[in-house]
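This report concerns only the one structure given below.
Treat the numbers as computed from the prediction; the structure is a model and nothing was measured. Naming: A, B, ... by sequence-line order, numbering from 1 per chain.
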There are 2 protein chains.
Amino acid sequence: MKEIKLQTFWTHAKPERVVWAVAEHDGNRSICPLGWKMRTSHKPPMMAISVAPTRYTHDLIVGAGAFVLAWPGRDLAEATLFCGTHSGRDTDKFAHAGLTPLPAQHVNAPLVKECVANLECTVVGQTTSGDHTIFVGEIVAAYMSETPGPLLCTINHACGYEFLLEDKGYRFGVVQDCDDPR
Amino acid sequence: MKEIKLQTFWTHAKPERVVWAVAEHDGNRSICPLGWKMRTSHKPPMMAISVAPTRYTHDLIVGAGAFVLAWPGRDLAEATLFCGTHSGRDTDKFAHAGLTPLPAQHVNAPLVKECVANLECTVVGQTTSGDHTIFVGEIVAAYMSETPGPLLCTINHACGYEFLLEDKGYRFGVVQDCDDPR
């Protein structure tokens, strides 16, 4: 056990599932991929996410008081990279990434048809944590694909993954499925 | 995309890395394994965890204003199960699980020698989220084993894992290493 630079640990701390925070306000919508999320209550069910105030999605969440957590699968590594490296201020991410918005039942934010799962969340708490904001969302509805595959992760070089894409400092994959042809 | 019971998604939402929140106050110490954690700030570096107020570790964290995040590896699936299914109120988890406390440099909470990594955290924020408390910890020191293996996860039945242990509703494993003999 020796002291290290923290970055060394972050590099080691894989896999990390990826989720998209999706928000819409005043006719504008965006998708912000993030790894910084956690469950935070059983009853009522809640998840918390950390979003930088510089993100366009941050202000849409504040404006709408709601967000959708859309969970990408193996087909959405490129879309995740696109959404994470462009701003919704000047790009319609749904159109550019070929994604289909679906209406939510209880919140003003779109579901994403191509994702493995979607959770509708109402903001019930917000607190500043360093250079990010923690949004606490109560989960008011959940949806899953009828053929759900594995969830997209940022990964390291271990052998149990199906590698998908590496670019711009990100490395994406899924844990190898039993029906993987390899 | 069809509406589901939320539990169906939680069952699918794997892998989830496991971390131990370790705390000490007034001569008492405990270890609380949890999956509900996230990074929440780059500068200064912070992590947030969700801990139920019913947990003994919760009150130790409040008392000390600090905690250690100790990251178990493949050798600590049994210790994780033990620590997660017993209370520190009546059990010395270090002694029972054969764990070695090491002194931290900056906080009043022990590191765990057998873990892959340890992060010393000072509590800088606390908020209630449903039936849990979110503690925001500023990371003031980081340590890693000189031979760090993969991090312990709760897993599903995908093929990319080295399966370790299943009991009491938990299923533990690590993503398969390239030097795994299988």
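- For the residue pair Q176(B)/Q176(A), the side-chain donor-acceptor check at 3.5 Å is not satisfied.
- Around atom OH of Y170(A), no more than 12 heavy atoms belonging to other residues, nucleotides or ligands sit under 6.0 Å away.
- Highest contact tally toward chain A, considering only L34(B), N118(B), T40(B), V116(B), is held by T40(B) [criterion: heavy-atom pairs under 4.5 Å].
- Taking NZ of K37(B) as the start and NZ of K37(A) as the end, the distance is 7.0 Å to the nearest 0.5 Å.
- When each of R39(B), K43(B), H132(B) is scored by its heavy-atom pairs under 4.5 Å with chain A, the top score falls to R39(B).
- Between S41(B) and G130(A), the closest heavy-atom pair is OG-CA, 3.4 Å.
- The number of heavy atoms from other shown groups lying within 6.0 Å of NE2 (H96(A)) does not exceed 12.
- Here the CD atom belonging to E162(B) is positioned 12.0 Å from the SG atom belonging to C159(A), to the nearest 0.5 angstrom.
- Taking 4.5 Å as the heavy-atom cut-off, the residues of residues 7-25 of chain B that approach chain A are T8(B), F9(B), W10(B), H12(B), A13(B), K14(B), P15(B), E16(B), R17(B), ordered by number.
- For chain A, the option among I49(B), L102(B), L111(B) with the highest count of heavy-atom pairs below 4.5 Å is I49(B).
- Heavy-atom neighbours of E78(B) CD from other residues, nucleotides or ligands within 6.0 Å: at or below the threshold of 12.
- The structure places CD of E3(B) at 7.5 Å from CD of E120(A), a figure rounded to the nearest 0.5 Å.
- Looking at V112(A), the atoms closer than 4.5 Å to chain B (heavy atoms on both sides) all sit in the backbone: N, CA, C or O.
- When T127(B), T147(B), I134(B) are compared by the number of non-hydrogen pairs under 4.5 Å with chain A, I134(B) comes out ahead.
- Residue with the most contacts toward chain B among A48(A), G125(A), A141(A), P150(A): A48(A) (heavy-atom pairs, distance under 4.5 Å).
- Neither the backbone nor the side chain of I155(A) comes within contact range of chain B, judged by heavy atoms closer than 4.5 Å.
- Contacts of L6(A) with chain B are made by both backbone and side-chain atoms, with heavy-atom separations under 4.5 Å.
- Rounding to the nearest 0.5 angstrom, the gap separating the CE atom in M46(B) from the OG atom in S129(A) is 6.5 Å.
- M1(A) approaches K113(B) most closely through the heavy-atom pair CE-O, 3.4 Å.
- In this structure, C178(A) and A158(B) approach most closely via the heavy-atom pair SG-C, 3.8 Å.
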